[in-house]
Protein chains: 2
Amino acid sequence: MRQIAKDVGVQAGALYNYIPDKQTLLLDLMRDHMEQLLADVPKAVEQGTPMERLEAFVRFHIAYNYDHPDAVFIAYMELRNLEPANFELIETLRSRYERHLEAILQDGVREGAMTVGEPRVVTFTLIAMLNGVNTWFREGGRLSLAEVQDLNWSMVRRAVGVE
Amino acid sequence: MRQIAKDVGVQAGALYNYIPDKQTLLLDLMRDHMEQLLADVPKAVEQGTPMERLEAFVRFHIAYNYDHPDAVFIAYMELRNLEPANFELIETLRSRYERHLEAILQDGVREGAMTVGEPRVVTFTLIAMLNGVNTWFREGGRLSLAEVQDLNWSMVRRAVGVE
DNA sequence: GTCTATATTCTGATAGAC
DNA sequence: GTCTATCAGAATATAGAC
């Protein structure tokens, strides 16, 4: 709290005019992030065939994570510091986000465009894979963000496509 | 430190007969984990074609993570609490582990059995994907560990295979 | 090798003046 | 709404007795 106060240019006590306590601050940060993600994902993935929507999801997820590295980092690394009730709240939002991907996979299977045995588990697997980008990608390296999106989409497409 | 002391049944001060300080304890935990991983991986992936070695790596990685959930959790979540020199040390070990997978991918491409544009980046991507298992898999659920290994291998095989 | 006791620093949060 | 001052507790680590 003292570090936050220093960074925003006030004394530590002044922070409590804005937040009731530290736990609520953490919850607010994580909830704002999840709600923004949930607000943005529908329009990114609502049009086209299941395969087109899947590609849109892959590119959206990578781009969103790249644009919000701190929020994404906190959303994963600070989960263990949420009180049980707050943890449940965030997990509910995360689950709602994952359902967008799961629905795409289910549609793809139904239309015969994808081969996915377990849509729920494949959803977890793909999101874990896409989240990996933030741990190593840095702008100015050998690959551009667009190339990383291309590479991930190439792998996802093949991993769930009909053979 | 007090919690650790309580769990092992001594007073907090007695811990310092075994470790010089908390940072060293964390480093030792992470280094022991990485060195065990490095000791076990070669014999798991040294035999067969690149595709067979890749399958062996996928199954080995998932099984190892499942058998050492606490060590794996610490190895990722506590990286930020390592002092710079210790962080470098652990990252060097992690990189050495990743080279085993990267070498398999390179061999597969050379022999025409795999289509992988960027072996280094695909290595990061696949390990992130496999690491995801520990965040959601619990024994006694709908899927067995073997089924989770099968599902991951099915996705990895298709993601890097020739089309 | 473990204990008790404690030094020192840090932490989240509050009280009251302005 | 921010400040100064401070409370109460927790943290890592050390000292010295046994």
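Everything numeric in this text was worked out from a predicted model, so none of it was measured. We name chains A, B, ... by the order of the sequence lines, and we start the count at 1 in each one.
With hydrogens and angles disregarded, no donor-acceptor distance shorter than 3.5 Å links the side chain of T24(B) to the backbone of P20(B).
Residues H61(B) and Y97(B) place their aromatic rings such that the two centres sit under 6.0 Å apart.
Rounded to an integer number of Å, the gap from CE of M1(B) to P of dA10(D) is 17 Å. Distance K6(B) NZ to dA10(D) C1': 15 Å, rounded to the nearest Å. Here dA15(C) presents its P atom at 13 Å from OH of Y16(A), a figure rounded to the nearest Å. Between the NZ atom of K22(B) and the C1' atom of dT14(D) there is a distance of 17 Å, rounded to whole Å. Atom CG in L25(A) sits roughly 14 Å away from atom C1' in dA13(C) (whole-Å rounding). Nucleotide dT14(C) holds its C1' atom 13 Å from the CG atom of L15(A), rounded to whole Å.
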Scan nucleotides 2-9 of chain C nucleotide by nucleotide, 5' to 3', and note B when protein non-hydrogen atoms come under 4.0 Å of the base, S if they reach only the sugar-phosphate, - if neither.
BSB-----
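Residues Q149(B) and N152(B) bring no donor and acceptor atom of their side chains to less than 3.5 Å of each other.
A cation-pi arrangement is present between R94(A) and Y76(A) under the rule of less than 6.0 angstrom and at most 45 degrees off the ring axis.
The shortest side-chain heavy-atom distance between L54(B) and W153(B) falls under the 4.5 Å cut-off.
Between R142(A) and E118(B) a salt bridge is recorded (basic side-chain N to carboxylate O distance below 4.0 Å).
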